[in-house]
Amino acid sequence: MTDARSAPPPVISMRNVSKHFDDFQALKDVSLDVAQGERVVVCGPSGSGKSTLIRCINRLESHEAGEIIVDGMTLSDSKDSLEKIRGSVGMVFQQFNLFPHLTVLENLTLGPRRVLGLSEEDAKARAMTYLERVQIPDQAAKFPRHLSGGQQQRVAIARSLCMEPRILLFDEPTSALDPEMIAEVLEVMVELAQSGMTMIVVTHEMGFARRVADKMVFMDKGEIVETGTPDQFFTAPKSQRCATFLEQIL
Ligand code: ADP
Ligand code: MG
């Protein structure tokens, strides 16, 4: 099982990735492998580079040094790679980012029709499948503003699923939600994790992390300071920085 020759290649591989914003180094020599079906939870203080890390994986940001290979594609500046990468990698944002002038159903059918070339009928059928999966098929005809925050985030997850990505990235998906709505979104994410989706989730919801994470990643000041299994991570963090962080949030 541990024979490197027979192990499947990682679906995401970051090697010594660095990224600056002007003079500020947001990522410092970051290396991370994610296997097919693996669930990775990333945590760390505000400004530590968590969003930058996952935004580099779907190329909302470009890295300047090191290598990122996603689903067999080496990320580069060509348009071709950008389109392919967005087909493989879905992203769910803190602020939902739904199109406010489109209904829920239209939000879900737009990508499959425009990007994947599905017929209206097929796109609608697919949209309803995923709205059922996030348990809000009854909201299809509404506009986002008429939904609760938790419902909007579930629509955003369904919209990502409609593109049938191989990898889903979540950037603090429950941070903008009222407390009573966090559970309904986490429940959908747990279900997704159990279905075998490869996921990287930036979150401070440590109950969620304990339930679904295969690997915990702690970032600070642009570096991956520590990775480990949830058991090891929560009971015996290796670094003082991580221990201090966990004390603050748990
Ligand atoms: P986190 O998600 O962990 O809070 P980010 O990845 O958003 O951290 O940001 C890491 C650092 O990079 C922060 O100091 C932030 O101010 C800086 N940064 C992020 N995006 C930009 C940008 N577009 N331009 C300049 N600085 C940025
Ligand atoms: Mg962030």
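Remember, it's a predicted structure, so these values are computed and weren't measured experimentally. Just so you know, ligand 1 is whichever comes first in the structure, and atom 1 is the first atom listed for that ligand.
Protein non-hydrogen atoms do reach within 4.0 Å of atom 25 (C) of ligand 1.
For atom 3 (O) of ligand 1, the nearest protein heavy atom (residue, atom name, distance) is K50 NZ, 2.8 Å. Given atom 6 (O) of ligand 1, the protein heavy atom at minimum distance is T52 OG1, 2.5 Å. Among all non-hydrogen protein atoms, the one lying nearest atom 27 (C) of ligand 1 is F21 CD1, 3.2 Å. Of the protein's heavy atoms, F24 CE2, 4.7 Å lies nearest to atom 15 (C) of ligand 1.
The neighbour count for K221 NZ, taken as heavy atoms of other residues, nucleotides or ligands under 6.0 Å away, does not exceed 12. A 6.0 Å sphere centred on CZ of R211 holds no more than 12 heavy atoms belonging to other residues, nucleotides or ligands.
Those atoms of ligand 1 with a heavy atom of P45 less than 4.0 angstrom away are 3 (O). Each of the following atoms of ligand 1 lies closer than 4.0 Å to a heavy atom of A26: 12 (O). If you number the atoms of ligand 1 from 1 as listed, the ones under 4.0 Å from a heavy atom of S48 come out as 1 (P), 3 (O), 8 (O). Residue S46 approaches ligand 1 through these ligand atoms, each under 4.0 Å from one of its heavy atoms: 4 (O).
The aromatic rings of H204 and F245 lie perpendicular to each other, with more than 60° between the two planes, well past the 30° mark.
The residue from T174, I182, V185, V201 that alone fulfils the side-chain contact (heavy atoms from CB on, under 4.5 Å) condition with F208 is V201. With respect to L27, the side-chain contact (heavy atoms from CB on, under 4.5 Å) criterion is satisfied by exactly one of E223, H63, H20, M219: M219.
Under 2.8 Å from the Mg ion (ligand 2), one finds the following protein N/O/S atoms: S51 OG.
Between E164 and R126, at least one side-chain nitrogen of the basic residue sits less than 4.0 Å from a carboxylate oxygen of the acidic one, meeting the salt-bridge criterion.
Remark: the K142 side chain and the Q139 side chain contain an N/O donor-acceptor pair separated by less than 3.5 Å. Judged purely by distance below 3.5 Å, without hydrogens or angles, the side chains of S76 and R59 never pair a donor atom with an acceptor atom.
A donor-acceptor pair is defined here as one N or O able to donate and one able to accept, closer than 3.5 Å; such a pair exists between the side chain of K215 and the backbone of D33.
Minimum heavy-atom separation, C43 to T203: CB-O, 3.7 Å. For the pair F143 and P100, the tightest heavy-atom approach, listed with the atom from each and the gap, is CD2-O, 3.6 Å.
When the heavy atoms of G44, G47, G49, S51 are ranked by distance to atom 7 (O) of ligand 1, first place goes to S51.
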